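This structure is a prediction, so every number in the text was calculated from the model and none was measured. The analysis underlying the following values was restricted to heavy atoms, covering all of them including side chains, and did not include hydrogens, waters or symmetry mates.
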Amino acid sequence: MARHLITSALPYINGIKHLGNMVGSMLPADVYARYLRQRGHDVLYICATDEHGTPAELAAKEQGLPVDEFCAQAHDAQKAVYDGFALAFDYFGRSSSPENREITQHFARKLHENGFIEERAIRQVYSPTDGRFLPDRYVEGTCPHCGYDKARGDQCENCTRVLDPTDLINPRSAISGSTDLEVRETKHLFLLQSKLENEVREWVARHDKDWPQLASSIAHKWLTEGLHDRAITRDLDWGVPVPADTWPELAAEGKVFYVWFDAPIEYIGATKEWADQDPENRDWKSWWYEADDVRYTEFMAKDNVPFHTVMFPATELGIREPWKMVDYVKAFNWLTYYGGKFSTSQKRGVFTDQALDILPADYWRYFLIANAPESDDSSFTWEHFTATVNKDLADTLGNFVNRVLSFSKKRFGEEVPAGGEPGAAEVRLGEEIARLLAEYEQQMEALQFRKAASALRALWSAGNSYLEEKAPWLEIKTDKDGAALTLRTAMNLIHLYAVVSEPFIPATAKTMRAAFTLAGDTAAWVTEDEAKALAAVPAGTPFTVPPVLFAKITDEDLETYKERFGGEPA
């Protein structure tokens, strides 16, 4: 089987993330990783907190904490939420790790040796009020392209255009708010992307037929605008330091690398962190260096795409070493809240820790993946969420499991009944289940998550259709063996659902599977023949009726949620 390396965009250390961040990177990566593991592949799913840069320093200052202490606490808080969502990372690291520092500095040295980094004197914004040079994100102002008045000095989050602090209209210090700013000369390191543009262009072109249109179009947009040499150092107290053995003057001045230079390298750094925990059994380099047998898939929202399809590839190409480059970029559009932005300051939208306070993770996992913003932006509304949970999870899956097991226990006891031999209805059902399972597999292999969710939903619906057709509550009055066969077949569907639903709803899948006391139940997946036969749970297998899998969301619940989190944006 193939080796699959999976990474999702690193969540920034500053604050708990909202549902859009979850569905735009980490959750679909987890679903895909779980699926591949079940299919027998060797999978390594790596993520980490992105801990360097201006916002981390500003947030630490606001809380009155040293930045390293703030980041350590924030990392643990984020990890607890991701554990709550059952994200099965192989390792969740930190970009402030010694491993990332070591590899980032190695990359910088190699780029310098190969002529792709040079030191330049530039004019940079200086704040007399703050007594320091201001890195790009320490400068805020109005975007010259779209007029957004809260643009940062590195990028406008409204139009996604890359900026320089001196581009901003009416600039101000993000530290003090002072508009008393000067432009002074200082020195920084520049990555000579212009010298690598043709190589990046050729590399992107090789993926045009493979990548989703969203990822490919964003990469080409940047390339069409031309790659410019980019400053990759900043005047900050927190970050990967410029190595003194290569740039002694800049190191003495306390320069650190730009967060967008070291953050993608942390994918490699976190893999080394993972291996360093068990060096005798884990080889981090085999996943990244001369790793021709590895298929590497990245998951991210569209604002991260340029850095992963252009800037980081330029870095890797310029190193002139055989480091693994991404094979497939799964890009997502935005998840909005009633068509508007999630906003912490305006208390609008659902954040991941709040979501887990309301309902178990599987409710959110299923809804988000079933409505993933793949081809376009998608909107979260409480009405849509309620309808999806009630119809798909509570009625279609949960009710099926409960009524089959409850009715069988009542009429046949606590063991799977025997009944007669499968008839025409069971043959038709097996054929339909095998067909739908193949569709589900096809969409998962293609990373088409909404279509995969639709196929999974259809699998659940097929069980309900079979139950309605056979109507064992009527059948038992005239044909007890026939009713027993129907229930045994339905119980085998429950086991099948437990196996194949695990990537989407792992906790519920575990509960369904545990309903049967089945010796040696190690099935990782269901083959076509097994789907047709529906015989994994034989007659005589003890079973229990689990608690209600999914509780319906009531109208009262709906109104409570809307009042707490806000409805449509003004």
Side-chain angles (χ1 to χ4, degrees), residues 34 37-38 86 360 362 393-423 425-427 429-430 432-434 437 456 459-551:
R34 285 176 175 274
R37 290 188 192 109
Q38 286 187 271
D362 281 359
L393 297 179
D395 286 345
T396 304
L397 178 60
N399 187 50
F400 175 80
V401 173
N402 182 263
R403 63 175 175 163
V404 166
L405 296 179
S406 296
F407 184 72
S408 188
K409 179 181 178 181
K410 179 180 178 180
R411 302 308 296 264
F412 293 99
E414 297 181 347
E415 293 184 352
V416 176
E421 293 298 314
E426 287 70 39
V427 171
L429 174 66
E432 177 70 356
I433 293 297
L437 181 59
L456 182 60
L459 277 165
W460 299 341
S461 294
N464 283 278
S465 297
Y466 170 74
L467 212 59
E468 293 301 316
E469 176 188 353
K470 294 296 294 291
W473 50 89
L474 299 177
E475 192 177 21
I476 197 169
K477 296 177 181 179
T478 58
D479 185 357
K480 189 173 182 179
D481 280 349
L485 167 65
T486 300
L487 292 169
R488 173 163 55 85
T489 303
M491 289 185 188
N492 272 278
L493 277 176
I494 293 172
H495 185 270
L496 180 144
Y497 295 160
V499 175
V500 304
S501 302
E502 193 266 346
F504 280 70
I505 47 173
T508 306
K510 184 177 180 180
T511 298
M512 287 192 288
R513 196 157 179 163
F516 303 100
T517 307
L518 194 59
D521 183 16
T522 60
W525 199 248
V526 179
T527 67
E528 179 183 1
D529 288 341
E530 289 168 342
K532 290 179 179 179
L534 291 173
V537 183
T541 301
F543 72 89
T544 57
V545 182
V548 173
L549 297 182
F550 296 99

Checklist entry - When you measure from the side chain of Asp362 to the backbone N and O of Ala507, does any donor-acceptor pair fall under 3.5 Å? => result yes
Checklist entry - Are the side chain of Arg488 and the backbone N or O of Val416 linked by a donor-acceptor pair below 3.5 Å? => result no
Item to check | Worked check of side-chain contact (heavy atoms from CB on, under 4.5 Å) between Leu437 and Trp525 | outcome: CA-CA 10 Å; Leu437 181 59; Trp525 199 248; 4.1 Å; yes
Checklist entry - Does Thr396 offer a backbone N or O that forms a donor-acceptor pair with the side chain of Asn464 under 3.5 Å? => result yes
Checklist outcome for this item: Nearest heavy-atom approach of Asp395 to Asn399 is O-CB, 3.0 Å
Checklist entry - Just wondering, do Leu393 and Leu549 contact through their side chains at under 4.5 Å, heavy atoms? => result no
Item to check | Any side-chain heavy-atom pair of His495 and Met512 under 4.5 Å | outcome: no
Checklist entry - Nearest 0.5 Å, what's the CZ-CG distance between Phe516 and Asn492? => result 7.5 Å
Item to check | Separation between CD of Glu469 and OG1 of Thr486, rounded to the nearest 0.5 Å | outcome: 9.0 Å
Checklist entry - Which distance, rounded to the nearest 0.5 Å, do you find between the CZ of Phe543 and the CD of Glu414? => result 7.0 Å
Checklist entry - Taking the side chain from Thr489 and the backbone from Leu485, do they hold a donor-acceptor pair closer than 3.5 Å? => result yes
Next on the checklist: Looking at every non-hydrogen atom in both residues, tell me the closest pair between Leu518 and Ala536 and how far apart they are.
Outcome noted: CD2-O, 3.6 Å
Item to check | Spacing of Leu397 atom CG and Phe504 atom CZ [to the nearest 0.5 Å] | outcome: 12.5 Å
Checklist entry - Is any side-chain heavy atom of Trp460 less than 4.5 Å from a side-chain heavy atom of Tyr497? => result yes
Next on the checklist: Is it the case that the side chain of Glu468 and the backbone of Ser465 share a donor-acceptor pair, with hydrogens and angles ignored and the cut-off at 3.5 Å?
Outcome noted: no
Next on the checklist: Taking Ala524's backbone N and O only, do any of them form a donor-acceptor pair with Gln38's side chain (distance below 3.5 Å, no angle check)?
Outcome noted: yes
Item to check | Closest non-hydrogen atom pair, Pro417 against Ser408 | outcome: CD-OG, 3.5 Å
Checklist outcome for this item: Interatomic distance, CG@Leu405 vs OG1@Thr544, rounded to 0.5 Å, equals 8.0 Å
Checklist entry - Which heavy atom in Ala531 sits nearest to a heavy atom in Ile433, and how many Å separate them? => result CB-CG2, 4.0 Å
Next on the checklist: Measuring only between side-chain heavy atoms, which start at C-beta, is Phe412 closer than 4.5 Å to Ile476?
Outcome noted: yes
Checklist entry - Leu493 versus Leu467: any side-chain heavy-atom pair under 4.5 Å? => result no
Checklist entry - Is Arg411 salt-bridged to Glu475, cutoff N-O under 4.0 Å? => result no
Item to check | side chain to side chain donor-acceptor pair (under 3.5 Å), paired with Glu502, selected from Arg37, Lys510, Arg34 | outcome: Arg34
Checklist entry - How far apart are the closest heavy atoms of Ala498 and Ala509, and which atoms are they? => result O-CB, 3.1 Å
Item to check | Straight-line distance of Lys470 NZ to Leu474 CG, nearest 0.5 Å | outcome: 12.5 Å
Item to check | Non-hydrogen atoms of Pro503 and Pro506 that approach each other most closely | outcome: O-CD, 4.4 Å
